[in-house]
Amino acid sequence: MFKSVRFRLIAWFLGVFSLLFLILSLFLYHKLETIVIGSVDSHLHYEVQLLSSLIKAEGGRIDIELSEAETGDYSIPLSGHYYQVVSSDGNVLALSPSLSIVDAYLPIPPVSFEPVNTTIIGPGKGILRLHNQSFKLSNDIIISIQASESLEEAYNLLRLFRDTILIVLPVVFLLSGAGIFIITTLSLKPLNLFSDKIGRITERNLNERVDMEGIAHEIKPLAMNFNTMITRLENSFLRQRLFLSDASHEIRTPVSVIKSYCDVMIGKERTIAEYQETLKKIGEMVDKMADTICRILEVSRLESKTFQLRLEELDLMEIMGDVVRLFESSASQQGIAVNLAGIHWTIKGDRERLMEAFANLVDNAIKYNRQGGRVDIHVGESGREVVVTVSDTGGGIPPDEREHIFERFYRLPEARDTVRGSGLGLPIVKAIIHAHRGRIEVESEVGKGSRFVVFIPKG
Ligand code: ADP
């Protein structure tokens with residue numbers, strides 16, 4: 001559940017939302033408190049100013065005459081409004097009826113000509129706001145006036161606000177949780193639809209694609225990439241299948257030939273010479289089959305890229321010299337002259353693999369040559385590459401066949417019945433050269449010969 005995108009989205013949203021709501025509520029509560037208490041303070045300040053204007057000092061005597069009309073609520077005994085006038089030596093000069101009735105006094109703060117507001121516990125144990133300010137009357141007489149009001153109403157208002165928040169918060173929390181649940185469900189719907197569509201594609205129906213109909217705009221690139229991947233998979237499956245059927249076909253032919261030889265031999269009694277002749281032919285077939293099997297294994301290993309190159313410093317001229325020596329006798333049997341020329345170039349490569357690749361090229365140049373022809377091998381360089389060319393004077397390769405000769409099991413029709421081979425040599429060459437980050441090209445003129453050019457990076 002914790003790994004579900006929807007769960008995480010809801011959790012994050014509600015977490016952030018609750019935090020913001022809480023911060024906003026605290027801010028508003030604090031603002032409201034400042035406003036409410038500020039209004040009480042300004043009311044008290046007004047009252048103190050009013051009282052001060054009613055107090056006179058004449059001939060060293062303080063004259064306090066406060067009428068009910070002038071003091072308003074402050075003259076009502078249980079109004080929760082209090083005032084008190086105190087001389088500089090701490091004598092209480094006047095009290096509001098709400099204090100005198102309960103025989104209580106307000107606390108006497110130190111003399112201060114600046115207004116001072118404090119919160120205190122009042123005579124009835126209620127919380128009061130106290131405003132104090134000192135005034136200098138004539139003859140340097142100093143008095144302090146304190147006015148006080150109950151904060152009960154203010155606190156009631158704040159409590160109401162707090163309670164409202166406490167009720168609203170869970171409701172908003174639940175409503176927004178439900179809202180985000182619906183939103184995420186709706187937003188994830190296209191993904192579920194896409195998941196359903198891809199779930200229907202298996203190895204049995206790899207030719208099907210996710211149809212873009214109804215797929216959300218945001219998911220389209222994903223669907224397109226998925227389709228491209230399926231196309232690549234399908235091609236790879238097809239290649240695999242084709243390779244398997246070609247390989248079985250290649251092996252089935254010699255097996256059937258061997259079987260027919262055996263059938264002919266056991267049909268009736270034969271002479272020793274006939275048995276020897278047939279066994280020789282069977283031996284040749286088995287050799288051919290073993291060679292094909294080796295090549296099939298080789299090509300699938302090379303193309304699956306699971307092999308490791310054993311890189312070392314190699315002199316390409318030296319390698320080509322070794323390759324030429326391998327084919328000296330077969331070339332001379334066909335009266336073909338093999339010439340090697342060029343310069344010594346050292347590259348980093350896998351000796352065994354490169355020998356195998358170039359041996360295939362030289363073998364083909366001899367196999368598909370004419371009696372008394374020539375094979376010219378040249379090692380050179382061009383820009384950042386070492387260039388090896390293997391040219392022959394054979395029948396050449398028609399232009400429309402050239403792109404196919406690097407495909408597995410592909411053989412030119414004229415070569416199929418006349419020249420030994422499996423059609424796996426050039427795919428092996430190509431895979432080895434590509435593994436060396438190189439490339440191979442072919443030029444050919446029908447009736448004149450072919451030229452295979454291999455480019456390998458110098459570094
Ligand atoms: P194989 O030689 O075993 O048939 P390759 O993969 O080496 O297989 O070659 C594939 C085909 O390309 C050959 O069957 C042949 O028809 C053609 N080919 C290759 N090299 C040459 C060449 N030098 N001259 C003419 N045809 C060639």
Side-chain angles (χ1 to χ4, degrees), residues 239 242-243 245-254 284-303 320 323-324 326-327 330-331 333-340 353-378 387-435 438-454:
R239 274 204 306 274
L242 203 69
F243 181 53
S245 77
D246 286 343
S248 346
H249 177 76
E250 279 301 305
I251 294 168
R252 208 172 45 216
T253 313
E284 279 167 12
M285 283 292 159
V286 170
D287 281 348
K288 181 175 160 44
M289 225 163 61
D291 181 59
T292 308
I293 291 170
C294 278
R295 281 176 176 252
I296 288 172
L297 290 176
E298 176 84 354
V299 83
S300 49
R301 212 150 58 88
L302 285 171
E303 290 193 353
M320 294 317 290
V323 171
V324 169
L326 276 180
F327 292 97
S330 64
Q333 270 172 22
Q334 294 179 54
I336 293 169
V338 182
N339 307 304
L340 172 61
R353 300 273 180 215
L354 286 177
M355 279 278 290
E356 188 182 357
F358 289 119
N360 267 311
L361 289 181
V362 175
D363 185 27
N364 283 350
I366 295 168
K367 271 196 317 191
Y368 302 108
N369 219 318
R370 62 178 161 77
Q371 192 72 27
R374 254 186 34 238
V375 173
D376 290 305
I377 303 166
H378 185 266
V387 186
V388 180
T389 51
V390 179
S391 324
D392 62 61
T393 51
I397 304 161
D400 51 338
E401 304 275 10
R402 272 173 223 159
E403 58 176 305
H404 298 298
I405 58 171
F406 292 97
E407 290 168 12
R408 290 175 297 197
F409 298 109
Y410 191 84
R411 306 196 73 205
L412 296 192
E414 54 268 34
R416 257 173 233 153
D417 306 318
T418 52
V419 187
R420 70 175 162 83
S422 59
L424 290 173
L426 288 179
I428 290 177
V429 174
K430 192 176 160 192
I432 293 175
I433 300 302
H434 279 181
R439 65 202 152 92
I440 179 164
E441 287 172 8
V442 59
E443 299 157 11
S444 189
E445 210 175 314
V446 177
K448 284 201 167 173
S450 310
R451 215 159 92 97
F452 286 82
V453 192
V454 173

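Read the numbers this way: they start at 1 and go in the same order the structure lists the ligands and their atoms. The model shown is predicted, which means the values in this text are computed figures rather than measured ones.
Val375 pairs in a side-chain contact (heavy atoms from CB on, under 4.5 Å) with only one of the listed residues (Leu340, Ile366, Thr393), which is Ile366.
Val419 is listed as a side-chain neighbour of Tyr368, based on a closest heavy-atom distance under 4.5 Å.
Ligand 1 places these atoms under 4.0 Å from at least one heavy atom of Ile405: 10 (C), 12 (O). Against a heavy-atom cut-off of under 4.0 Å, Ser450 is close to the following atoms of ligand 1: 24 (N). Counting the atoms of ligand 1 from 1 in the order shown, those under 4.0 Å from a heavy atom of Pro427 are 6 (O). Distances below 4.0 Å separate heavy atoms of Leu424 from the following atoms of ligand 1: 6 (O), 8 (O). If you number the atoms of ligand 1 from 1 as listed, the ones under 4.0 Å from a heavy atom of Tyr410 come out as 10 (C), 11 (C). Using a 4.0 Å cut-off to heavy atoms of Lys367, the atoms of ligand 1 that qualify are 1 (P), 2 (O), 3 (O). Close contacts between ligand 1 and Leu426 involve ligand atoms 5 (P), 6 (O), 7 (O), 9 (O), 19 (C) [criterion: under 4.0 Å to a heavy atom].
Looking only at heavy atoms of the protein, atom 7 (O) of ligand 1 is closest to Asn364 ND2, 2.8 Å. Distance from atom 3 (O) of ligand 1 to its nearest protein heavy atom, with residue and atom name: Ser422 N, 2.8 Å. Closest to atom 23 (N) of ligand 1 among all protein heavy atoms lies Asp392 OD2, 2.9 Å. Of the protein's non-hydrogen atoms, Arg411 NE, 2.6 Å is the one closest to atom 4 (O) of ligand 1. Nearest protein heavy-atom neighbour of atom 15 (C) of ligand 1: Tyr368 CZ, 3.5 Å.
At least one heavy atom of Phe452 sits under 4.0 Å from some atom of ligand 1. Proximity of Ile397 to ligand 1 is established by a heavy-atom distance of less than 4.0 Å.
By the 3.5 Å distance cut-off applied to N or O atoms, Gly423 is counted among the residues near ligand 1.
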Val429 and Phe452: CA distance, side-chain angles, deciding distance, side-chain contact (heavy atoms from CB on, under 4.5 Å) verdict: CA-CA 11 Å; Val429 174; Phe452 286 82; over 6 Å; no

Residue pair Phe243, Ser300: steps toward the side-chain contact (heavy atoms from CB on, under 4.5 Å) verdict: CA-CA 9 Å; Phe243 181 53; Ser300 49; 3.8 Å; yes

Test side chain to side chain donor-acceptor pair (under 3.5 Å) applied to His404 and Glu401, step by step: CA-CA 5 Å; His404 298 298; Glu401 304 275 10; 5.7 Å; no

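No hydrogens or angles considered: nothing links the side chains of Asn369 and Asp392 as a donor-acceptor pair under 3.5 Å.
Between Arg402 and Asp400, no side-chain nitrogen of the basic residue sits less than 4.0 Å from a carboxylate oxygen of the acidic one, so the salt-bridge criterion is not met. Taking 4.0 Å as the cut-off between side-chain N and carboxylate O, Glu441 and Arg439 count as a salt-bridged pair. Comment: Glu407 does not engage Arg239 in a salt bridge, judged by the lack of any side-chain N to carboxylate O separation of less than 4.0 angstrom. In summary, Asp287 and Arg420 do not engage in a salt bridge, as defined by a charged side-chain N under 4.0 Å from a carboxylate O.
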